[in-house]
Amino acid sequence: MAFSSSCSSVKAVNSRWTSPSPSPSSRFAVLPAFLHRRYATSVKLTAISAALKTVEQTTLTEDNRFSTVGSDSDEYNPTLPKPRILVTEKLGEAGVNLLREFGDVDCSYDLSPEDLKKKVAESDALIVRSGTKVTREVFEAAKGRLKVVGRAGVGIDNVDLQAATEHGCLVVNAPTANTVAAAEHGIALLASMARNVAQADASIKAGTLNYLFLVLLLRWNCRQSKHQYTIETETEKRSKYVGVSLVGKTLAVMGFGKVGTEVARRAKGLGMTVISHDPYAPADRARALGVDLVSFDQAISTADFVSLHMPLTPATKKVFNDETFSKMKKGVRLINVARGGVIDEDALVRALDAGIVAQAALDVFCEEPPSKDSRLIQHENVTVTPHLGASTKEAQEGVAIEIAEAVAGALKGELSATAVNAPMVAPEVLSELTPYIVLAEKLGRLAVQLASGGKGVQSIRVVYRSARDRDDLDTRLLRAMITKGIIEPISDSYVNLVNADFIAKQKGLRISEERMVVDSSPEYPVDSIQVQILNVESNFAGAVSDAGDISIEGKVKYGVPHLTCVGSFGVDVSLEGNLILCRQVDQPGMIGQVGNILGEQNVNVNFMSVGRTVLRKQAIMAIGVDEEPDNKTLERIGGVSAIEEFVFLKL
């Protein structure tokens, strides 16, 4: 299931996702490869180091008056000319005033792409909302002068993060100030949809001017003939817009983050029963609000109202489609104030026409603004607003202050907790840890796909085995990449060294670390990394250790990450491409049977390993594949009589 950390069935195909490939470095090396893109793990350490691009160290000149963000160069000097800050969209006055205390502010709205390029070439910081497209061309036009881009809001779809990182530009957003506004708008849409407020309003306004004319015309006609004419009474009009009550109805909140939590709190106050699906939601927080955490399918199949508050990721894109709608209760009502792309809009139209979805209230769309002739927008059972989720005076002022503080801090050389791209890391640390960084992220991605159920991932234990002393091994970057691997596939959070702990805490994810001294070469920083997910069920029983936790372990061999242990089974498979894990009866011919099935479908096997605990009892077969097998091929593998369970994992 998309938006779930894994599938609920034993023989299941897990969620799909992609993540982005590497780039730069300098005296302070930037980490785009591991902050936004997956690195090709077959590349050796030397090649990885060579691939990192150099970012010139910032120097203090008249046009370059402050340090590179995160560097150890001299801090901003207030005696030098103030930094120039370009604001291209309306920003709350409180934020603008704060910026003016720190720099020279240029508020230039509705710039053409060419004008924007000219302006950024003379600017040290850029602040945008959702309308300005900050493309690679914009960063190139800045020629290294632009040090920070501030997005006044949460989503950063309009900013090219990879290009920003390559050009040494920090990107920050304002993720908290509009939480209440978005939640209130969700509730407003829910209530107005349930009572047909928009349709009734349009009916009255469309009919008022014509009503008197119609009455006069009919009266005249009645005098001229014996025909009888009828006029729709107010009672008849009202019958068209009979609504439904909210009290006692079940609301499914899909995504129990900041906004989802506030929506749930308000819905409980309206007398609704609230359930939620979110793989990272802390159970204690949900319990405190009287909210039950359930699986994706249970949430959508039992709810009378479904309110979407999930991020748009590869795993959640068009997660509400024909198949999803077919599982919903007939007559369900849908609210979306999150991201338009989580809904297949054509499928929603079909569901509305079929009566599966009785009504929809939408604030966001796949294309914004939506086309005027859109069937969805024109549908009589759809209420729409033009992306007003954060549009309150209070939220706009809060966002303005939040982004102004983040941008000013960045220009002073501070690294904000709301940074959404790469921090700066000393190159000697980066070059040594590079292959282990790749391993850490892939282990995180594997582990989260092995978890299932509505309880959600909350507690992670990481065990590092190393011959080095504690003071000689800085694991912050490794922990950050494990966090990234676990969180990013089903979240809109961009995790890096700066914000990893902040994001983990925000998601209710607790990560503990242990170090074990082993007799290995101290030349290498880490001998192995073990990731354990505690207190959750697994969709692959073979991954559960004797202690009852999901457990996987990996090593770096010849510069390439390898999976070396699944549960209590030892394996040895390169973490390249995709991975199929099969738990089976340990008997001859299994490798051949599965290999033949994959070969018939032209799926290339790049690595295969079998681990067992006792001869002729049970074994785990780990198969690395270059391509992604289709569902039919996976079903054939699952149909092999000796295979007790299997899971497909996307790396």
Side-chain angles (χ1 to χ4, degrees), residues 17-26 28-39 51-53 55 68-70 86 88-89 113 116-117 120 123-175 311-317 339 341 403 406-407 409-411 415-425 430 437 441 477 480-481 483-485 487-500 502-503:
W17 53 70
T18 58
S19 67
S21 107
S23 30
S25 143
S26 97
F28 286 84
V30 183
L31 274 179
F34 314 114
L35 288 240
H36 306 298
R37 301 214 173 179
R38 295 201 336 259
Y39 203 82
L52 295 174
K53 184 179 177 182
V55 179
T68 299
V69 176
L86 174 62
T88 61
E89 295 175 72
L116 176 61
K117 292 176 189 177
V120 296
S123 302
D124 304 307
L126 170 64
I127 296 180
V128 302
R129 298 189 71 82
S130 59
T132 303
K133 305 300 181 185
V134 191
T135 62
R136 178 174 293 276
E137 290 72 24
V138 172
F139 289 107
E140 289 173 350
K143 297 180 179 178
R145 173 160 179 176
L146 193 63
K147 297 303 176 292
V148 57
V149 172
R151 164 64 168 96
V154 181
I156 50 171
D157 301 342
N158 55 317
V159 180
D160 188 329
L161 287 174
Q162 182 65 25
T165 303
E166 290 176 9
H167 287 80
C169 182
L170 191 70
V171 180
V172 295
N173 67 351
L312 178 59
T313 71
T316 63
K317 186 176 183 180
R339 290 288 182 267
I403 199 63
V407 167
L411 290 175
L415 282 167
S416 170
T418 65
V420 293
N421 68 338
M424 305 300 179
V425 178
L430 175 61
I437 288 168
E441 182 179 357
L477 189 52
M481 300 318 294
T483 304
K484 172 184 169 67
I487 291 178
E488 274 196 354
I490 53 174
S491 170
D492 58 358
S493 301
Y494 293 84
V495 183
N496 58 35
L497 179 60
V498 177
N499 64 9
F502 173 79
I503 295 294

Smallest separation among heavy atoms of [X] and [Y], with atom names:
X	Y	answer
Phe139	Val159	CZ-CG1, 4.3 Å
Pro175	Thr418	CD-CG2, 3.7 Å
Val172	Ala419	CG1-CA, 4.0 Å
Gly150	Val407	CA-CG2, 3.9 Å
Asp124	Leu411	O-CD2, 3.8 Å

Separation of [Y] [atom2] from [X] [atom1] (nearest 0.5 Å):
X	Y	atom1	atom2	answer
Ile487	Thr313	CD1	OG1	13.0 Å
Thr132	Ile127	OG1	CD1	11.5 Å
Lys484	Ile437	NZ	CD1	11.5 Å
Arg136	Leu161	CZ	CG	11.0 Å
Asp157	Arg339	CG	CZ	6.0 Å

Going by heavy atoms in the side chains, are Leu170 and Lys147 under 4.5 Å from each other? no

Hey, does Lys117 have a side-chain heavy atom less than 4.5 Å from the side chain of Glu140? no

Could you check Ile503 against Thr483 for side chain to side chain contact (heavy atoms under 4.5 Å, CB included), going step by step and ending with a plain yes or no? CA-CA 9 Å; Ile503 295 294; Thr483 304; 5.5 Å; no

side-chain contact (heavy atoms from CB on, under 4.5 Å) against Ala152, all qualifying residues, sequence neighbours excluded: Leu91, Arg129, Val399, Ile403

Excluding sequence neighbours, so at least two apart, what forms side-chain contact (heavy atoms from CB on, under 4.5 Å) with Ser123? Leu86

Only residue of Leu126, Val134, Leu146, Val138 satisfying side-chain contact (heavy atoms from CB on, under 4.5 Å) with Cys169 is Leu146

Candidate list Asn158, Val128, Leu116, test side-chain contact (heavy atoms from CB on, under 4.5 Å), partner Lys133, passing option: Asn158

Judged by atom type as modelled, is there a donor-acceptor pair below 3.5 Å linking the side chain of Arg151 to the main-chain atoms of Gly155? yes

Treating Thr316 as the side-chain partner and Pro311 as the backbone partner, does any N or O pair qualify as donor plus acceptor under 3.5 Å? yes

